[in-house]
Amino acid sequence: MSGLLEIRDASKSFGGVQAVTRVSLEAQKGEILSVIGPNGAGKTTVLNMISGFYHPDSGRISLEGRDVTELAPSRIAELGVARTFQNIALFRGMTVLDNLMLGRHVHMKTGVLSACAYWGLAQKEEVVHRRRVEDIIDFLRIQDLRRRPTGSLPYGLQKRVELGRALALDPKVLLLDEPMGGCNHEEKEDMARFILDVNEEWGVTVILIEHDMGVVMDISDRVAVLDMGQKIAEGTPDEVRANPRVIKAYLGETKAVPSTGGSRV
Amino acid sequence: MIYREAGQFKTSYASDQAIFPIAQDRAVVLLALAAAFVGPPLLASEYWLQAILIPLLIYSLAAIGLNLLTGYAGQLSLGTGGFMAVGAYAAFKLTTAFPQVSIVLVFLLSGLVAAGVGLVFGIPSLRIKGFYLAVATLASQFFLVWLFNKVAWFSNYASSGTITAPDRAVLGVTVTGPSATASARYLTALALVTVFALVAKNLVRGRVGRSWMAIRDRDIAAEIIGVRPLRTKLLAFGISSFYCGVAGAELVFLYLGSAETQAFDIGLSFLILFMVIIGGRGSILGSVLGAVFIVLVPIFLTNAPHALGLRLPVALQKQIELMVFGGLIVFFLIVEPRGLARLWQITKEKLRLWPFPH
Ligand SMILES: Nc1ncnc2c1ncn2[C@@H]1O[C@H](COP(=O)(O)OP(=O)(O)O)[C@@H](O)[C@H]1O
Ligand SMILES: [Mg+2]
């Protein structure tokens with residue numbers, strides 16, 4: 001077992017709020033690791049620490065054995081970590097195509113001078129990366145949307161395009177923050193399918209935050225549970241479902257952990 | 001049907017990503033360029049070349065430069081006049097120190113000097129945004145103009161502090177200085193703005209331009225896909241200042257002939273910013289359209305009362321001009337905040353469907 005991404009005893013507080021307390025997580029290469037927990041449990045904060053928006057107050061994050069704790073977000077991206085946001089952060093004025101081409105940014109090397117001249121190196125590079133982007137457009141079945149400004153798309157499609165932009169980076173690790181939040185049943189099924197395909201066919205390691213227990217239990221290899229900033233359980237979906245602390249945490253909020261079905265917790 | 005896209009299928013990604021993917025657009029642009037190179041030198045009066053067309057081209061170049069920074073990269077700058085002054089004084093110092101160096105090369109080097117200065121003054125952009133950044137660039141505007149005023153070395157210790165363009169030739173034709181014809185100066189300005197508009201277009205349709213727009217639209221998302229904010233913003237400041245620097249050098253060498261620092265005061269910064277806003281943020285064509293608007297409308301307003309047979313006192317006429325001009329700017333911003341470039345695009349879409357609108 002090789003831990004592709006390791007978080008060791010990471011803590012983060014904002015002013016007086018202790019958002020995350022000594023959380024350790026390890027994503028194995030090629031797995032889908034889900035992080036669940038009630039609202040305010042600290043899930044998004046964990047993703048923000050991985051992608052470099054926040055640096056932990058204490059603890060350590062490493063990617064392929066390399067310490068990345070203090071790196072800036074753009075450096076983390078260059079190392080192969082892509083993500084989507086809970087509230088969608090697309091470039092709304094730009095087209096779907098441009099958003100996806102931006103996902104290729106870290107792989108493009110054209111310098112300013114060859115960009116000024118364009119014909120030649122820059123153009124060749126544009127075409128190469130356009131091909132990759134077209135693959136993703138086909139994969140996500142958004143061929144009709146290429147020239148549409150992303151701000152004009154319905155919510156579910158925006159989520160899909162944001163996934164596309166993350167995929168365009170050809171990530172080793174894909175961080176998804178509630179990719180199905182606000183989506184209808186059909187959109188959720190599509191999204192779950194995409195995540196599985198990306199994981200199985202392209203070998204991308206996925207860390208997934210999701211509230212839909214049905215989906216989580218269906219597609220995850222392992223599940224970690226956060227509550228009030230602490231990790232209270234970790235294991236296979238079945239182990240986690242049976243864990244008394246998890247049941248208590250969820251009962252304490254609103255409902256029991258459903259075994260199947262799509263209820264939001 | 002003037003615009004006919006039907007039947008023009010893109011056979012490769014390269015042609016899909018061309019500057020003007022539609023053949024009619026390409027033809028129109030090439031024709032317009034040819035007309036611009038041939039027409040005015042043959043037909044236009046000295047007055048038209050000197051008082052209208054030459055400044056129009058120079059302002060266009062500066063507006064393209066500012067548009068790269070403000071329209072594409074989203075960094076509001078009021079330092080344009082200052083960066084243009086850097087270009088002008090650099091060109092003056094360079095060409096008086098090295099008279100044998102080609103004036104075109106001098107213009108380019110002056111642009112590079114301005115780019116260097118722009119990089120330095122762009123550093124605060126990592127920390128501050130929007131209006132606060134505008135205030136910081138305003139400081140650079142005042143500092144640079146003050147510097148050129150204060151340090152006599154910049155004007156070669158001329159008693160009046162004035163810099164004057166000497167006679168310089170390109171390929172045997174004098175293009176700057178007192179003995180250069182208006183046609184020669186016009187063609188030089190046109191050649192430069194053509195080349196640099198093309199370069200700007202190339203920049204904004206590739207990796208560099210996309211990273212600028214990403215920073216502008218959503219800097220957090222830009223970082224998450226690997227766009228480095230400082231590097232990207234500084235590049236915008238550098239390249240934008242290069243354009244402004246070349247335009248500043250042209251302003252003295254091809255248009256004014258001689259100038260003091262007042263030529264580069266805050267009014268110039270605002271003038272160029274108006275061109276960008278009216279023409280359309282994030283559009284190269286818009287930069288040129290904005291310059292056309294700002295240069296031509298006042299001239300039209302000056303002549304309109306006379307043409308209508310009205311005889312107004314000069315002072316009153318001047319006031320009315322300013323009021324109408326200001327009113328027009330506000331009107332345009334309300335009708336189409338995305339500027340003339342957007343209006344042009346809408347017109348084209350109408351033409352595309354004409355005569356079968358549905
Ligand atoms: N930037 C921030 N500033 C202040 N408090 C924050 C910030 N980000 C998160 N928090 C707080 O940290 C806690 C965990 O939030 P979050 O990680 O968003 O939870 P989750 O994603 O599990 O719903 C919450 O109490 C939240 O209010
Ligand atoms: Mg969250």
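What's counted below: heavy atoms across the whole structure, side chains too, no hydrogens, waters or symmetry copies. Chain letters run A, B, ... following the sequence lines, proteins first, then strands; residues in each count from 1.
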Could you give the distance from [atom1] ([X]) to [atom2] ([Y]), rounded to the nearest 0.5 Å?
| X | Y | atom1 | atom2 | result |
| --- | --- | --- | --- | --- |
| A:Leu175 | B:Ile224 | CG | CD1 | 8.0 Å |
| A:Met101 | B:Ser211 | CE | OG | 12.5 Å |
| A:Thr150 | B:Asp217 | OG1 | CG | 8.0 Å |

| field | Contact list for residues 163-172 of chain A, test salt bridge (Lys or Arg N to Asp or Glu O under 4.0 Å), sequence neighbours left out | value | A:Glu64-A:Lys172, A:Arg104-A:Asp170, A:Arg132-A:Asp170, A:Glu162-A:Arg165
| query | Does A:Asn87 have any side-chain hydrogen bond (donor to acceptor under 3.5 Å, both in side chains) partners at least two apart in sequence or in another chain, and if so, which? | reply |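 If we apply the side-chain hydrogen bond (donor to acceptor under 3.5 Å, both in side chains) test to A:Asn87, skipping adjacent residues, there are no hits.
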| Close approach to chain A in residues 191-200 of chain B, criterion heavy atom under 4.5 Å | B:Leu198, B:Val199
| Can you pull out the residues in residues 116-123 of chain B with any heavy atom less than 4.5 Å from chain A? | none
Please identify, among [options], the residue contributing the most non-hydrogen atom pairs under 4.5 Å to chain B.
| options | value |
| --- | --- |
| A:Ala166, A:Ser74, A:Ala77 | A:Ser74 |
| A:His129, A:Arg75, A:Arg92, A:Lys124 | A:Arg75 |
| A:Val127, A:Leu102, A:Leu169 | A:Leu102 |
| A:Gln123, A:Arg131, A:Arg83, A:Met94 | A:Met94 |
| A:Cys116, A:Ala82, A:Ala72 | A:Cys116 |

| request: Sort out for me which residue in B:Arg210, B:Arg207, B:Arg205 forms a salt bridge (charged side-chain N to carboxylate O under 4.0 Å, His left out) with A:Glu126. | output: B:Arg210
So does [X] have more than 12 non-hydrogen atoms from other groups sitting under 6.0 Å from [atom1]?
| X | atom1 | answer |
| --- | --- | --- |
| B:Phe131 | CZ | no |
| B:Ile220 | CD1 | no |
| B:Arg127 | CZ | no |

| field | 4.5 Å side-chain heavy-atom contact, A:Phe91 and B:Ile225 | value | yes
| Of all of B:Ala214, B:Gly206, B:Ala222, B:Pro229, which one pairs up most often with chain A through heavy atoms under 4.5 Å apart? |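 Sorted descending by pairs with chain A, the first entry is B:Ala214.
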| query | What part of A:Arg146 lies closer than 4.5 angstrom to a heavy atom of chain B: side chain, backbone, both or neither? | reply | neither
| Which atoms of A:Leu79 approach chain B - backbone, side chain, both or neither, heavy atom under 4.5 Å | neither
| task | Side chain from CB out, backbone as N, CA, C, O: work out which of these in B:Val208 comes under 4.5 Å of a heavy atom of chain A, or both, or neither. | result |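 Side chain only.
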